[in-house]
Amino acid sequence: MSTEEEQIQQRRANLAELERLGVNPYPHRFERTAAVTELVAAHGDKTGTDLEAHKVETITSGRVLGIRNFGKASFLVLSDGRSRIQAYIKKDSLSERDFGIFKLVDFGDVVGVEGHLFRTRTNELTIWARRVEFLAKCHLPMPEKWHGLTDVEIRYRQRYLDLAVNPEAREVFQVRSRVLAALRQFLDSRGYLEVETPMMQPIAGGAMARPFKTHHNALDVDLFLRIAPELYLKRLVVGGLERVYEINRNFRNEGISTRHNPEFTMLEFYQAYSDYQDLMTMTEEMVPFVAMSATGRDTFEIDGDTISLRAPFARLSLRHAAAAAASTTLGAPVTESELRDQASARTIAGRLGIAVDPKSGAGKITTTIFETLVEESLVQPTFVYDFPTEVSPLSKQRPDDPDTVERFELYIGKMEIANAFSELNDPVEQRKRFEQQLAERAKGDQEAHAMDEDYVRALEYGLPPTAGEGVGVDRLVMLLTNSKSIRDVILFPHMKTKN
RNA sequence: GACCGGGUAGCUCAGUGGUAGAGCAGUGCACUUUUAAUGCACGGGCCGCGGGUUCAAUCCCCGCCCCGGUCACCA
């Protein structure tokens with residue numbers, strides 16, 4: 001009696017026996033007065049004497065994650081997914097019916113218990129049960145009580161099991177929920193309007209990435225799952241929604257890694273009459289606010305490093321940092337102006353042993369050098385600013401330097417967390433940039449930006465000076481929960497189908 | 001996509017070219033304040049899938065599937 005099938009049959013036999021006793025194993029309602037977590041929060045610090053002096057009656061419920069049996073008395077461990085409390089099941093204290101129910105309870109079943117709180121000899125907060133109700137059957141054998149469920153494949157594919165037995169998994173998603181709430185609170189309080197823009201788009205724009213393709217049958221048109229909401233949000237700013245944000249999924253048809261899921265959650269927000277400097281300041285306020293709201297802390301341990309999210313964040317010019325890192329690596333001076341020239345930039349990349357596409361321009365090469373040499377060192381929050389125009393087709397150029405745009409990325413814990421810029425609002429220049437991207441695409445760059453005529457038309461009506469930012473919500477949650485993989489902060493990460 | 005590691009009982013893991021192991025979980029008995037309860041007894045396996053080598057494969061070889069990690073691509 002112990003293959004999985006046999007254990008299932010044993011559990012079903014217990015279910016049938018309950019029904020034979022006239023117990024409905026799937027009752028429609030159970031009126032409880034407190035969840036387990038609420039009980040523990042409200043009474044976890046009370047002594048046995050307190051509980052005798054002021055009796056606390058309760059009706060609660062949860063999944064049975066432990067049964068310790070002593071014949072005529074037992075302990076049932078109940079969990080609501082966050083906290084656990086035990087119930088003392090004493091034969092003398094229960095009706096014959098309820099003790100009969102208890103005897104048919106299997107590990108994993110959902111039960112309700114009524115009784116008063118006390119502390120056992122070992123000082124454990126316990127419900128002295130006088131009523132037991134059966135609420136739902138667990139037909140399948142549960143993971144082990146001591147080691148629990150650690151197999152990451154099962155944890156991701158059967159997240160319900162992970163959440164049921166691993167309170168720390170639940171905690172990650174509590175934090176995630178609070179992060180989303182805090183982001184909304186932060187933006188709402190600054191007069192932002194939350195909006196929703198298309199997830200299915202005829203042109204996948206707003207980022208450099210390969211999209212997923214889908215098809216609308218009735219219209220017989222191909223559509224793309226969005227890679228970013230950016231171009232739609234800026235259309236709204238044209239329309240006079242001066243502060244908008246959207247928190248929703250983006251889809252990118254690329255490799256999967258500890259930092260990439262094919263669908264991921266992005267916050268994008270746009271603020272008229274502002275520039276990227278304003279957004280740096282705002283980001284320095286937003287990140288610690290969200291951290292404090294969601295976790296109560298603004299310092300975090302990641303891989304042995306203590307990361308402080310307190311403002312001000314470090315600032316680093318991309319070209320300057322790339323030149324400095326290249327100089328150090330090569331042991332010979334490399335200047336920013338050398339990195340602005342395609343031929344010399346390529347020579348430097350070659351000496352650094354960094355492979356670059358022969359078609360890449362100086363800006364792309366410089367960015368690659370930066371990502372290869374500098375990114376790994378950006379542990380503390382750092383704004384990397386002033387990107388090459390070539391790699392930023394939607395950003396506004398610096399007035400004093402057309403090869404550089406007013407753009408920054410925020411790195412924390414070696415991860416890119418946010419990307420922001422002063423929005424390019426000159427339709428003539430925007431059309432030119434799109435055309436350059438089309439040329440890149442013609443040369444084989446599948447991630448180059450597509451032309452979006454309607455977006456250019458929107459700019460032709462006049463986009464006020466605007467700054468916009470995208471924040472990778474999953475990565476922010478990783479940081480705040482010390483998660484090493486993005487899959488740990490996504491409830492149902494993408495998995496290959498298994499037969 | 002490439003490379004490395006992994007897949008053995010429901011769970012967590014050992015292991016070996018010759019009948020498959022432990023702990024927990026399960027079943028039975030005892031036990032009315034335990035908490036990884038305890039004690040005794042019992043059951044439980046397509047060793048990821050498919051080929052090959054061999055008298056014999058869970059183990060060696062080849063292919064495939066799934067998971068993880070690193071790299072590549074990206075946020």
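Just so it is clear: chains get the letters A, B, ... in the order the sequence lines come, proteins before strands, and each one is counted from 1. Keep in mind it's a predicted model, so treat the numbers as computed, not measured. Note that these values count all heavy atoms, side chains included, but never hydrogens, waters or copies made by symmetry.
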Between the protein and nucleotides 11-15 of chain B, list the N/O to N/O atom pairs that are separated by less than 3.5 angstrom.
unit_1	atom_1	unit_2	atom_2	d
B/C11	O2'	A/E144	N	3.4
B/C11	O2'	A/G148	O	2.8
B/C11	O2	A/E144	OE1	3.3
B/U12	OP1	A/T150	N	3.1
B/U12	OP1	A/T150	OG1	3.4
B/U12	OP1	A/D151	N	2.8
B/U12	O3'	A/T150	OG1	3.3

Original post:
Dot-bracket for RNA chain B, 5' to 3', with Watson-Crick and G-U pairs under 3.5 Å, [ ] for crossing pairs and | for other-strand pairs: what is it?
Top reply: (((((((..((((....[..)))).(((((.......))))).....(((((..]....))))))))))))....
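- Residues forming a side-chain contact (heavy atoms from CB on, under 4.5 Å) with A/R441 (at least two apart in sequence, or on another chain): A/A448, A/A450.
- Straight-line distance from the CG atom of A/L125 to the C1' atom of B/U33: 14 Å, rounded to whole Å.
- At a threshold of 4.0 angstrom between heavy atoms, the contacts of A/N261 include nucleobase atoms, whether or not backbone atoms are also involved.
- Residues of residues 363-375 of chain A having a heavy atom closer than 4.0 Å to RNA chain B: none are found.
- Judged by distance alone, the side chains of A/K396 and A/Y276 never bring a donor and an acceptor atom under 3.5 Å apart.
- Partners of A/F264 by ring-ring contact (aromatic ring centres under 6.0 Å, His included), not counting sequence neighbours: none found.
- Spacing of C1' atoms, B/G6 relative to B/C13, comes out at 13 Å, to the nearest Å.
- Every residue meeting the side-chain contact (heavy atoms from CB on, under 4.5 Å) condition with A/A73, not counting sequence neighbours, appears here in chain and number order: A/Y88.
- Checked by distance alone, A/R68 brings a side-chain donor or acceptor within 3.5 Å of a matching partner on the base of B/U34.
- Residues in residues 90-115 of chain A take part in these ring-ring contact (aromatic ring centres under 6.0 Å, His included) pairs, two or more places apart or across chains: A/F99-A/F102.
- Residue ring and nucleobase are not stacked for A/F107 and B/A25 under a centre distance beneath 5.5 angstrom and an angle between planes beneath 30°.
- Spacing between B/A14 and B/U33 at atom P, rounded to whole Å, works out to 38 Å.
- Sorted by first then second residue, the salt bridge (Lys or Arg N to Asp or Glu O under 4.0 Å) pairs that include residues 146-159 of chain A, not counting sequence neighbours, are A/E153-A/R157, A/E153-A/K498, A/R155-A/D162, A/R155-A/D488, A/R159-A/D162.
- Remark: ring of A/F70 not stacked against base of B/C31; the cut-offs of centroid gap under 5.5 Å and plane tilt under 30° are not jointly satisfied.
- Applying the salt bridge (Lys or Arg N to Asp or Glu O under 4.0 Å) rule to A/R433 yields the partners A/E429; only residues at least two apart in sequence or on another chain are considered.
- For A/L180, the side-chain contact (heavy atoms from CB on, under 4.5 Å) partners at least two apart in sequence or on another chain are A/R184, A/I247, A/V473.
- Residue pairs meeting the salt bridge (Lys or Arg N to Asp or Glu O under 4.0 Å) criterion with at least one partner in residues 473-484 of chain A, sequence neighbours excluded, are A/R176-A/D474.
- Considering all non-hydrogen atoms of both residues, A/E124 and A/T126 come closest at O-OG1, 2.7 Å.
- Every side-chain contact (heavy atoms from CB on, under 4.5 Å) that A/V56 has, sequence neighbours left out, goes to A/H43, A/K46, A/L51, A/L117.
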